[in-house]
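Take a look at the structure set out below.
For ligands, and for the atoms within them, numbers begin at 1 and follow the listed sequence. Scope of the values below: all heavy atoms of this structure, side chains included, with no hydrogens, waters or symmetry mates.
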Amino acid sequence: MKISGRTFVVSGGASGLGRACVRDIVAAGGNAMILDMNQEQGAELVGQLGPSTQFQACDVSSTTSIADAVAATLSWIASTGKPLGGIIPAAGVGFPGLILDKKLKPVSLESIDLVLSINLRGTLDLVRQLLPALAASEPSGPDGERGVVIMVASAAAFEGQMGQVAYAASKGAVASMTLPMARDLARFGIRVVTIAPSMFESNMTAHMSDKVRTGLQKAMEFPPRAGKPEEFASLVRQSIENSMLNGVVIRLDGATRMPSKL
Ligand SMILES: NC(=O)c1ccc[n+]([C@@H]2O[C@H](COP(=O)([O-])OP(=O)(O)OC[C@H]3O[C@@H](n4cnc5c(N)ncnc54)[C@H](O)[C@@H]3O)[C@@H](O)[C@H]2O)c1
């Protein structure tokens, strides 16, 4: 599907991987609706990229906040005439915690709920609420394609490290729902792709200790470095443009396989 002339919704679009996608979509001639809790960074990005972008404050763990963001997106689309082409739910949080610590204290249910409500429920709810508009888009191209959903899992979906039980549960679930979602949406000409990155440069990884960073680098094959947000955005672009990518979880990790401990 062509990016040019269409609108793409990017949650977590104010920072890191989502922000790189927003830049890339705009560079390819698309419009990007940025949904994020970080109003300052969202407004700054819109200031840089101009009228091909719009920012809407949104907490993806709140279904009413998503409903407001969807309404704002549809009204922007009505004014630009650029139909919805894709949904990229990239908002996510880490919040590590051992399931049971040395003092025999189990991880709090609040922290589990928080990670699941943003990474898993927030992803599903945003997709769910935008799908009616995506399915109503005019079919395009020889295959009658209407759009694409590109979700973000993680290497932790496959090799979660110590302290990543909740995060791995959320990302494993995102990976698992890719194929059934693609099957459900095939009749509408909507594809579903999930990308599972290893360590990428972003706010999420900027605060890592040197010890953790060095340990992660030892686990890397080639290239032995963190991925760049632009490399993630480039695979998102390919996932939008290449109609044969569907129902698949793509690891973007330079052959890194995370060890248990660093
Ligand atoms: N950076 C990595 O190494 C890495 C690796 C694997 C997966 N991921 C995943 O990539 C995605 C993007 O992460 P990133 O690395 O760019 O991190 P980031 O912290 O730079 O960006 C995440 C964005 O999500 C927003 N956000 C957080 N909670 C939100 C909520 N409730 N509602 C709306 N927005 C919210 C934040 O404000 C932030 O702008 C996440 O899903 C993350 O789990 C990142």
Side-chain angles (χ1 to χ4, degrees), residues 9-24 32-46 55-70 72 87-96 111 113-127 129 150-161 164 166-175 194-208 212-213 215-217 219-220 225-233 235-236 249-254 256 258 262:
V9 175
V10 186
S11 76
S15 173
L17 306 186
R19 188 178 178 101
C21 293
V22 168
R23 286 189 176 285
D24 207 56
M33 184 68 170
I34 304 159
L35 310 183
D36 207 294
M37 284 176 43
N38 191 328
Q39 305 210 21
E40 205 181 305
Q41 276 190 215
E44 183 217 347
L45 188 57
V46 171
F55 174 76
Q56 171 79 21
C58 175
D59 174 358
V60 297
S61 68
S62 154
T63 197
T64 52
S65 180
I66 291 179
D68 291 346
V70 169
I87 311 164
I88 304 161
V93 291
F95 298 130
S111 79
D113 283 343
L114 187 62
V115 172
L116 293 179
S117 70
I118 295 172
N119 296 3
L120 174 55
R121 203 184 76 147
T123 292
L124 252 182
D125 197 11
L126 179 66
V127 171
Q129 294 200 45
I150 303 171
M151 299 187 289
V152 188
S154 165
F158 311 104
E159 300 106 32
Q161 296 179 278
Q164 283 195 316
Y167 185 70
S170 70
K171 295 301 187 176
V174 168
T194 293
I195 301 174
S198 56
M199 186 169 99
F200 271 64
E201 290 167 10
S202 75
N203 272 358
M204 193 179 261
T205 49
H207 306 296
M208 268 179 184
V212 172
R213 188 175 293 278
L216 277 171
Q217 267 158 358
M220 293 168 182
R225 61 166 174 82
K228 296 185 187 309
E230 301 73 36
E231 292 169 324
F232 176 85
L235 184 54
V236 168
V249 181
I250 306 171
R251 295 186 70 135
L252 190 63
D253 61 14
T256 298
M258 295 291 183
L262 296 171

Got a sec, which residues hit side-chain contact (heavy atoms from CB on, under 4.5 Å) with Val152, two or more places apart in sequence or on another chain? Ala90, Pro197, Phe232
Determine whether Leu235 and Ile250 make a side-chain contact, defined as any pair of heavy atoms from C-beta on separated by less than 4.5 Å. yes
Contact table ligand 1 N or O to protein N or O, d under 3.5 Å:
from     : atom 1 : to     : atom 2 : distance (Å)
ligand 1 : 1 (N)  : Phe200 : O      : 3.2
ligand 1 : 1 (N)  : Ser202 : OG     : 3.1
ligand 1 : 3 (O)  : Ser198 : O      : 3.3
ligand 1 : 3 (O)  : Phe200 : N      : 2.7
ligand 1 : 3 (O)  : Phe200 : O      : 3.3
ligand 1 : 15 (O) : Ser202 : OG     : 2.6
ligand 1 : 16 (O) : Leu17  : N      : 2.8
ligand 1 : 20 (O) : Ser15  : OG     : 2.6
ligand 1 : 20 (O) : Asn203 : N      : 3.2
ligand 1 : 31 (N) : Asp59  : OD1    : 2.9
ligand 1 : 32 (N) : Cys58  : O      : 3.4
ligand 1 : 32 (N) : Val60  : N      : 2.9
ligand 1 : 37 (O) : Asp36  : OD1    : 2.6
ligand 1 : 39 (O) : Asp36  : OD1    : 3.2
ligand 1 : 39 (O) : Asp36  : OD2    : 2.7
ligand 1 : 41 (O) : Ala90  : O      : 3.3
ligand 1 : 41 (O) : Lys171 : NZ     : 2.8
ligand 1 : 43 (O) : Tyr167 : OH     : 2.7
ligand 1 : 43 (O) : Lys171 : NZ     : 3.1

Whether Thr194 side chain and Ala153 backbone form a donor-acceptor pair below 3.5 Å: no
If we ignore hydrogens and angles and just use 3.5 Å, is the side chain of Gln129 paired with the main-chain N or O of Ala69 as donor and acceptor? no
Between the side chain of Asp36 and the main-chain N/O of Ala14, is any donor-acceptor distance below 3.5 Å? yes
Hey, does the side chain of Arg251 reach the backbone of Ala155 with a donor-acceptor pair shorter than 3.5 angstrom? no
